Amino acid sequence: MDWTKKVSRLMPNWKREAEVRNLVAGYKVHGNAFSTSTRRVLAVLLEKGLSYESITVDLQSGEHKTESFLSLNPFGQVPVFVDGNIKLHESRAITQYIAYVHSARGTQLLYLQSHETMAILTVWMEIEAHQFDPFASKLTWEQAIKPIYGLETDQEVVKENEAHLEKVLDVYEKRLGKYRFLACNTFTLADLHHLPNIQYLLGTPTKRLFEDRPKVRKWVGEITGREAWKMVCDHEKYWFGKQMK
């Protein structure tokens with residue numbers, strides 16, 4: 001039997017079990033409301049309309065480096081996603097797990113109609129992780145996160161990373177001239193993964209890099225305007241309000 005048929009026959013069983021676990025107890029997310037990686041996971045949960053319990057990890061006090069947290073993620077990073085006996089870290093791996101397990105529910109975030117569409121989606125998720133995120137994350141850290149901790153923004157680092165990000169966004173501008181979203185004409189994980197850093201950067205001078213490119217500007221407006229993302233940004237209700245009393 002072809003291996004793809006074997007996999008397709010096995011997958012529904014554990015997918016159904018995961019659905020049942022979520023309906024009974026929900027998922028647990030160990031993270032921080034202001035962490036870009038945590039927000040990435042919340043965005044998928046809310047796009048899918050799934051229940052979850054949020055468990056705040058105090059990054060400022062170094063809780064993520066304590067023995068108890070390292071037992072969840074030996075690399076000492078948030079978030080950690082718990083689904084019964086399954087414990088996952090790395091936000092992009094978590095989003096793909098959720099999107100696949102709940103592929104028939106809520107927003108369809110995958111693009112798996114064929115081997116070709118799957119490959120295209122994977123390419124654009126990789127582009128976000130390896131071309132966009134390195135520069136966007138540094139800009140977010142320098143301009144949005146450092147001030148929270150009373151640290152001074154290094155304008156030389158900002159200048160250097162903006163120059164790199166501009167080149168990436170030039171590629172996006174061309175791509176978005178052909179498609180409504182990055183992987184295809186529908187919203188997928190490839191777009192969603194960008195949201196946390198973009199949201200922070202829209203509150204900084206780097207916002208102009210998105211606004212100066214018409215097609216990128218339209219794309220940014222559309223993805224940040226999604227109802228699920230607005231919910232992610234409502235920390236009081238959708239993070240702190242999801243904690244066990």
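Computed from heavy atoms alone, side chains included, the values below leave out hydrogens, waters and symmetry copies. Positions are given from 1, in the same order as the sequence printed here. Values in this document were obtained by computation on a predicted structure and should not be read as measured data.
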Please answer whether the main-chain N or O of Val216 pairs with a side-chain N or O of Glu173 as donor and acceptor at a distance below 3.5 Å. yes
Closest non-hydrogen atom pair between [X] and [Y], with its separation:
X      : Y      : answer
Leu176 : Phe181 : CD2-C, 3.8 Å
Leu109 : Ala99  : CB-CB, 4.3 Å
His89  : Val80  : CB-CG2, 4.4 Å
Pro134 : Asn161 : O-OD1, 4.4 Å
Trp239 : Ala33  : CD1-CB, 3.5 Å
Thr153 : Pro147 : OG1-CG, 4.2 Å

Can you tell if the side chain of [X] reaches within under 4.5 Å of the side chain of [Y], non-hydrogen atoms only?
X      : Y      : result
Thr117 : Cys184 : no
Thr36  : Asp133 : no
Phe34  : Arg39  : yes
Asn197 : Phe132 : yes
Leu46  : Tyr52  : yes
Leu192 : Ile223 : no
Arg92  : Arg40  : yes
Ile98  : Val41  : yes

Residues two or more places apart in sequence or in another chain: which of them pass side chain to side chain contact (heavy atoms under 4.5 Å, CB included) with Asp58? Gln60, Ser61, Glu63
Taking atom [atom1] as the centre, does [X] end up with more than 12 heavy-atom neighbours from other residues, nucleotides or ligands that are less than 6.0 angstrom away?
X      : atom1 : value
Lys65  : NZ    : yes
Lys48  : NZ    : yes
Glu116 : CD    : no
Lys218 : NZ    : no

Can a salt bridge be assigned to the pair [X] and [Y] using a cut-off of 4.0 Å between side-chain N and carboxylate O?
X      : Y      : value
Glu142 : Lys159 : no
Glu160 : Lys138 : no
Arg226 : Asp191 : no

If the condition is side-chain hydrogen bond (donor to acceptor under 3.5 Å, both in side chains), which residues does [X] pass it with, not counting sequence neighbours?
X      : value
Gln108 : none
Thr107 : Glu47
Trp229 : Gln199
Arg217 : none

Centroid separation Tyr172 to His194 less than 6.0 Å: yes
Show the numbers, then the answer: is there a side chain to side chain contact (heavy atoms under 4.5 Å, CB included) between Val101 and Asp83? CA-CA 11 Å; Val101 170; Asp83 173 16; 5.7 Å; no
Return yes if a side-chain donor-acceptor contact under 3.5 Å exists between Ser37 and Ser35, otherwise no. no
Pair Lys230, Glu227 - check side chain to side chain contact (heavy atoms under 4.5 Å, CB included), show working. CA-CA 5 Å; Lys230 293 178 183 178; Glu227 198 58 38; 4.1 Å; yes
Please work out whether the ring planes of Tyr27 and Phe81 are parallel, tilted or perpendicular, with thresholds of 30° and 60°. tilted
Salt bridge (Lys or Arg N to Asp or Glu O under 4.0 Å) between Glu166 and Arg213, worked out: CA-CA 10 Å; Glu166 283 203 84; Arg213 294 162 174 80; 3.2 Å; yes
Please report, to 0.1 Å, the donor-acceptor pairs under 3.5 Å made by any side chain of residues 118-127, with sequence neighbours excluded.
| unit_1 | atom_1 | unit_2 | atom_2 | d |
| --- | --- | --- | --- | --- |
| Thr122 | OG1 | Met118 | O | 2.8 |
| Glu126 | OE1 | His130 | NE2 | 3.0 |

